[in-house]
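Counting starts at 1 for both ligands and their atoms, in listed order. Computed over heavy atoms, backbone and side chain alike; hydrogens, waters and symmetry mates excluded.
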Amino acid sequence: MTQVKGYAAETANAPLTPFNFERREVGPHDVQIEILFCGVCHSDVHQVRDEWGGSIFPMVPGHEIVGRVTQVGDQVKNFKEGDLTGVGCMVDSCSTCSSCEQQLEQYCEVGFVGTYNGREYKTQEPTYGGYSNQVVVDENFVLRVSDKLDLARVAPLLCAGITTYSPLRQWKVKEGDRVAVMGLGGLGHMAVKLAAAMGAEVTVLSTSPDKEADAKALGAHKFVITKDKDAMKSIQNYFDIIINTVSAPLDLNLYLATLRLDGTMVLLGVPPEAPQVHAFNLISKRRRLAGSLIGGIQETQEMLDFCAEHNIMSDIEMIPIDNINEAYDRMVKSDVKYRFVIDMATL
Ligand code: NAP
Ligand code: ZN
């Protein structure tokens with residue numbers, strides 16, 4: 001076992017505090033990574049506060065990891081000491097079910113192992129995430145990161161990037177499509193950058209008037225404040241697809257009405273309460289309500305390569321790890337531009 005330093009919540013709603021723990025020895029197929037940066041996802045807040053139920057404590061969150069390989073197992077084929085790597089939301093899956101066979105490990109029928117707040121298949125030991133100085137991961141769940149990009153700004157791609165890239169690809173967003181992005185936070189700002197890079201006309205639907213200039217700078221063509229009834233009326237029956245990243249409960253009916261015939265709203269945000277949808281809002285325009293969960297490992301690598309090619313990175317606010325509790329409070333108030341990233345050198 002190796003001694004590791006990190007930050008953990010000891011119980012639901014407890015502030016995160018320094019926490020020492022052990023990680024497994026590097027096995028034949030494992031890669032050991034010194035963590036340089038870790039992004040802060042709203043899912044970290046949901047799980048630390050046990051808003052989805054079933055959280056495992058103590059919890060070391062963090063699934064937007066970038067770091068350098070320090071050791072590899074003797075059977076590892078694709079990585080060597082010194083390589084720059086990323087780890088996202090998953091560290092294992094069954095590898096044999098039909099989802100895994102289609103490279104869709106996130107929909108593994110046995111259930112993928114989360115980077116944190118999960119349990120290892122063999123030992124049933126809890127997994128601990130990236131708010132720590134080191135991680136050991138099976139090489140099949142390790143991504144390759146380009147050294148041409150700013151590593152701190154790459155970290156959020158491992159969750160916010162792939163979670164928005166995957167539905168844009170699944171629903172085949174192309175030049176000229178009208179894409180709406182609900183909520184300009186960590187996921188939302190990546191959705192804007194990616195959809196714009198794919199040639200779409202991008203509209204941000206936001207509750208924060210002060211984000212308009214940023215939205216345009218990120219690549220959005222239009223910006224609509226959702227409390228503005230006239231502005232909302234002007235976009236009725238307009239969008240091909242809505243990427244909904246909102247983390248809090250809200251009335252979806254208002255937004256469904258902005259989809260044109262055969263338009264789709266993809267739910268990415270996971271508010272604790274279930275939404276209510278009026279059937280007329282779907283049947284009147286053959287609209288669809290869909291969902292999407294992160295992305296498979298192969299698609300995550302494709303996204304990282306796409307971002308390297310298009311010079312796409314997250315807009316971040318770097319924090320020392322002892323500011324993490326304040327960062328959570330700010331994130332819940334939608335006060336983040338647009339992703340907090342922990343500089344692990346401060347641990
Ligand atoms: P975030 O940075 O906090 O962004 C969420 C944005 O939603 C806010 O910036 C805000 O944008 C908007 N919002 C917040 N409260 C709102 C309210 N009461 N009414 C309307 N809009 C509100 O969070 P994130 O990290 O992007 O994550 C977003 C959600 O996606 C979370 O629920 C997270 O758990 C989930 N998630 C899902 C997946 C997946 O695989 N499906 C992966 C990662 C995260 P404006 O200020 O522009 O209104
Ligand atoms: Zn996440």
Side-chain angles (χ1 to χ4, degrees), residues 38-49 51-52 55 61-65 86-90 104-107 112 114-117 129-131 155-168 170 180-193 203-215 218 220 223-228 232 242-252 254-255 265-273 275 290-296 299-300 303 314-317 327-341:
C38 185
V40 180
C41 179
H42 206 117
S43 301
D44 302 349
V45 182
H46 289 308
Q47 290 175 92
V48 160
R49 299 185 176 175
E51 292 174 354
W52 298 336
S55 285
H63 59 207
E64 294 185 335
I65 299 169
V87 178
C89 303
M90 302 182 283
L104 297 169
E105 300 87 358
Q106 74 275 35
Y107 304 117
F112 70 79
T115 302
Y116 70 89
N117 197 25
Y131 298 5
L157 303 181
L158 275 304
C159 175
I162 182 58
T163 302
T164 48
Y165 181 87
S166 186
L168 292 169
Q170 175 66 23
V181 176
M182 280 171 67
L184 196 64
L187 267 57
H189 93 293
M190 288 313 307
V192 170
K193 289 185 185 217
T203 303
V204 170
L205 307 179
S206 175
T207 60
S208 307
D210 64 310
K211 292 182 182 172
E212 177 161 8
D214 288 344
L218 292 164
F223 183 87
V224 171
I225 285 297
T226 51
K227 285 175 204 135
D228 180 341
M232 286 298 282
I242 300 175
I243 302 292
N244 179 350
T245 77
V246 174
S247 50
L250 80 177
D251 183 3
L252 292 186
L254 227 75
Y255 303 88
M265 177 190 284
V266 186
L267 296 178
L268 298 182
V270 194
E273 291 85 1
S292 183
L293 180 67
I294 46 178
E299 193 174 44
T300 305
M303 175 277 310
S314 178
D315 285 25
I316 67 165
E317 186 176 331
Y328 278 14
D329 291 339
R330 282 184 50 197
M331 187 179 240
V332 170
K333 287 187 272 181
S334 304
D335 174 23
V336 46
K337 292 183 173 170
Y338 280 88
R339 196 57 137 187
F340 291 114
V341 171

Participant: Working to 10°, measure the angle at the Zn ion (ligand 2) formed by atom SG of Cys159 and atom SG of Cys41.
Facilitator: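 Reported to 10°, the angle equals 130°.
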
Participant: Which of the atoms in ligand 1, numbered in the order shown and given with their element, are less than 4.0 Å from a heavy-atom of Cys159?
Facilitator: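 Under 4.0 Å from Cys159, ligand 1 has these atoms: 42 (C), 43 (C).
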
Participant: Only one of Phe112, Tyr116, Tyr131 forms a ring-ring contact (aromatic ring centres under 6.0 Å, His included) with His63, so which one is it?
Facilitator: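 Only match with His63 under ring-ring contact (aromatic ring centres under 6.0 Å, His included): Tyr116.
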
Participant: Quick check on contacts: which atoms of ligand 1 are under 4.0 angstrom from a heavy atom of Gly269?
Facilitator: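 Atoms satisfying the 4.0 Å criterion: 29 (C), 30 (O), 32 (O), 35 (C).
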
Participant: Which of the atoms of ligand 1 are close to Thr245, meaning less than 4.0 Å from one of its heavy atoms?
Facilitator: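 Per the distance check, 5 (C), 28 (C), 29 (C).
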
Participant: Measure from the Zn ion (ligand 2) to each N, O or S atom of His63 and report whether any distance is below 2.8 Å.
Facilitator: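 Short answer: yes, at least one N, O or S atom is under the cut-off.
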
Participant: Any N or O on Trp52 sitting closer than 3.5 Å to an N or O of ligand 1?
Facilitator: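 Trp52 vs ligand 1: no N/O contact under 3.5 Å.
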
Participant: Side chains of Gln47 and Ser55 only: does a donor on one sit below 3.5 Å from an acceptor on the other?
Facilitator: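 Gln47 vs Ser55: no donor-acceptor pair found between side chains.
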
Participant: Go through ligand 1 atom by atom and flag the ones less than 4.0 Å from a non-hydrogen atom of Gly183.
Facilitator: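 Those atoms are 7 (O), 11 (O), 12 (C), 47 (O).
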
Participant: For ligand 1, which atoms, with element, lie under 4.0 Å from some heavy atom of Ile294?
Facilitator: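 Those qualifying, in numeric order: 39 (C), 40 (O).
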
Participant: Can you tell which part of Arg339 has a heavy atom less than 4.0 Å from ligand 1: side chain, backbone, both or neither?
Facilitator: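 Under 4.0 Å from ligand 1, Arg339 contributes side-chain atoms alone.
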
Participant: Judged by atom type as modelled, is there a donor-acceptor pair below 3.5 Å linking the side chain of His189 to the main-chain atoms of Ser314?
Facilitator: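 Answer holds: no.
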
Participant: Indicate if the distance from the Zn ion (ligand 2) to the nearest N, O or S atom of Cys89 falls below 2.8 Å.
Facilitator: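 It does not: Cys89 brings no N, O or S atom closer than 2.8 Å to the Zn ion (ligand 2).
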
Participant: Which one holds for His46 and ligand 1: side chain close, backbone close, both close, or neither close, with close meaning a heavy atom under 4.0 Å?
Facilitator: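 The side chain, only.
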
Participant: Is the contact between Tyr328 and ligand 1 made by the side chain, the backbone, both, or neither, using heavy atoms and a 4.0 Å cut-off?
Facilitator: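 Within the 4.0 Å criterion, Tyr328 makes no contact with ligand 1.
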
Participant: Between the candidates Leu205, Val332, Thr163, Leu184, which shows the shortest non-hydrogen contact distance to atom 42 (C) of ligand 1?
Facilitator: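 It is Thr163 whose heavy atom sits nearest to atom 42 (C) of ligand 1.
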
Participant: Closest non-hydrogen protein atom to atom 45 (P) of ligand 1, residue and atom name please, with distance?
Facilitator: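 Protein heavy atom with the smallest distance to atom 45 (P) of ligand 1: Ser206 OG, 3.4 Å.
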
Participant: Out of Gly186, Ser292, Gly295, Ala215, who gets a non-hydrogen atom closest to atom 41 (N) of ligand 1?
Facilitator: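 When every heavy atom of Gly186, Ser292, Gly295, Ala215 is considered, Ser292 comes closest to atom 41 (N) of ligand 1.
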
Participant: Give the numbers and elements of all ligand 1 atoms closer than 4.0 Å to a heavy atom of Leu293.
Facilitator: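 So the atoms of ligand 1 that pass are 40 (O).
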
Participant: I want to know if ligand 1 touches Val270 in the polar sense, i.e. an N/O pair below 3.5 angstrom.
Facilitator: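 Among all N and O atoms of Val270, at least one is under 3.5 Å from an N or O of ligand 1.
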
Participant: Show me which atoms of ligand 1 lie under 4.0 Å from any heavy atom of Ser208.
Facilitator: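 Checking each atom against Ser208, I get 45 (P), 46 (O).
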
Participant: Which ligand 1 atoms does Met331 reach within 4.0 Å, using its non-hydrogen atoms?
Facilitator: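 Every atom of ligand 1 under 4.0 Å from some heavy atom of Met331: 3 (O).
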
Participant: Which residue owns the protein heavy atom closest to atom 48 (O) of ligand 1, what's the atom, and how far is it?
Facilitator: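 In this structure, atom 48 (O) of ligand 1 has Thr207 OG1, 2.6 Å as its nearest protein heavy atom.
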
Participant: Under 3.5 Å, is there a donor-acceptor pair between the side chain of Asp44 and the main chain of Cys41?
Facilitator: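 Checked: pair present.
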
